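Fair warning: this is a prediction, and the values are worked out from it, not measured in the lab.
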Amino acid sequence: MANSTDKEVVRLMDYVDHNYQLSQKNKIAFGIIAREKRIAATDLSKILQLSAEERLRSYIDNLDKSNLITKGGVKKGSFFQINTTLLKNAKSNIVTSLKTIEPHVLKALIMEDLRVHPLSKISDIAERIPDIDMKEIRKMLYSMVGKEIEKEGTRFDSKYYIK
């Protein structure tokens with residue numbers, strides 16, 4: 001039995017199908033992005049089983065040009081998510097999630113977590129912020145080291161704390 005989130009994704013897909021002219025490739029990519037809420041370009045390529053030679057562009061260009069999705073990041077760090085304006089127009093009730101969190105908000109969340117729990121490992125922080133992918137947390141932590149936070153320990157036993 002489908003849960004309410006699956007039903008909302010289907011409702012959103014129906015809205016897009018009736019209001020936009022998309023290729024089968026576009027529909028497949030849009031469905032995956034809608035289901036995941038936010039997905040890295042590398043992960044989308046894996047799900048679509050694209051080889052290194054095949055381009056993700058043919059799957060997402062129309063979606064981007066039609067403003068159905070928004071794109072962030074650069075090169076391998078890029079990600080896709082459903083455009084919030086589309087969600088409003090479709091009157092979708094897709095459950096709010098931290099997956100689509102803005103980087104500055106994620107940074108503030110990590111800072112607050114480290115304030116309360118100093119000397120935490122990445123895995124500990126990820127457990128306390130379960131909606132956010134560990135890759136995103138790791139990327140943000142690495143960018144913060146030496147600026148807002150410090151790290152102690154070896155590569156596999158690193159613990160983080162606020163300066």
Establish whether M134 and V105 are linked, either directly or via other cluster members, by ILVMFWY side-chain heavy-atom contacts under 4.5 Å.
yes
Of all heavy-atom pairs between L63 and A29, which one has the smallest distance, and what is that distance?
CD1-CB, 4.0 Å
Verify side chain to side chain contact (heavy atoms under 4.5 Å, CB included) between Y160 and I122, making sure each step is shown before the conclusion.
CA-CA 8 Å; Y160 300 85; I122 293 176; 3.6 Å; yes
Minimum side-chain heavy-atom gap L44-L50 below 4.5 Å:
no
Measure from the side-chain N and O atoms of N62 to the backbone N and O of L22, and report whether any donor-acceptor pair falls under 3.5 Å.
no
Transitive ILVMFWY side-chain link V16 to I60, under 4.5 Å:
yes
Exercise: identify the closest heavy-atom pair between S58 and R55:
OG-O, 3.4 Å
Return the minimal non-hydrogen interatomic distance between S78 and K71, and the atom names on each side.
CB-CE, 4.1 Å
Would you say that R35 contacts I47 through its side chain, given a criterion of any heavy-atom pair below 4.5 Å between the two side chains?
yes
Criterion side chain to side chain contact (heavy atoms under 4.5 Å, CB included) on L56 and F80, from CA distance to verdict
CA-CA 12 Å; L56 186 59; F80 308 103; 3.8 Å; yes
When hydrophobic residues are tied together by side-chain contacts of less than 4.5 Å, even through go-betweens, does Y161 share a cluster with L106?
no
Passes salt bridge (Lys or Arg N to Asp or Glu O under 4.0 Å), D157 versus K121? Steps please.
CA-CA 7 Å; D157 195 33; K121 293 182 176 183; 3.2 Å; yes
Main-chain N/O of Q81 paired with K37 side-chain donor or acceptor, under 3.5 Å:
no
Checking side chain to side chain contact (heavy atoms under 4.5 Å, CB included) for the pair L86/I69: CA distance, chi angles, key distance, verdict?
CA-CA 8 Å; L86 174 67; I69 61 169; over 6 Å; no
Inter-residue atom distance K151.NZ - Y142.OH, 0.5 Å rounding
6.5 Å
Just so I know, are the side chains of L114 and L141 near enough to count as touching, which here means a heavy-atom distance under 4.5 Å?
yes
Flag the pair T70 / N83 as yes when at least one side-chain heavy-atom distance between them is below 4.5 Å, and no otherwise.
yes
Roughly how far, to the nearest 0.5 Å, is CD of E112 from CD1 of I162?
8.0 Å
Residues which pass salt bridge (Lys or Arg N to Asp or Glu O under 4.0 Å) with E148, listed by chain and number, not counting sequence neighbours
K107
Same apolar cluster: L109 and F79, side chain cutoff 4.5 Å:
no
Report the distance from atom CG of D14 to atom CG of N19, rounding to the nearest 0.5 Å.
10.5 Å
Output for pair (I33 CD1, I39 CD1), nearest 0.5 Å, gives 7.0 Å
Working to the nearest 0.5 angstrom, can you tell me the gap between S23 OG and I28 CD1?
8.0 Å
May I ask whether I110 and L119 are part of the same hydrophobic cluster, defined by side-chain heavy atoms of I, L, V, M, F, W, Y residues being less than 4.5 angstrom apart, directly or through others?
no
So that I can tick it off, tell me whether D113 and R128 are bridged by a salt bridge, with the cut-off set at under 4.0 angstrom between side-chain N and carboxylate O.
yes
Derivation of the side chain to side chain contact (heavy atoms under 4.5 Å, CB included) call for K139 and E136:
CA-CA 5 Å; K139 189 167 55 171; E136 293 296 319; 3.8 Å; yes
Taking all atoms of both residues into account, what is the closest heavy-atom pair of Y59 and K25, and its distance?
CD2-O, 3.4 Å
Please report the closest heavy-atom contact between S158 and G153, naming both atoms and the distance.
OG-O, 4.2 Å
Do H117 and I125 touch side chain to side chain, with heavy atoms closer than 4.5 Å?
no
In chain order, what residues pass the salt bridge (Lys or Arg N to Asp or Glu O under 4.0 Å) check against D43, with sequence neighbours excluded?
K135
Are K159 and E152 within salt-bridge range, i.e. N to O under 4.0 Å?
no
Is it true that atom NZ of K147 has more than 12 heavy atoms of other residues, nucleotides or ligands lying nearer than 6.0 Å?
no
If you round to the nearest 0.5 Å, how far is CZ of R57 from CG of D64?
11.0 Å
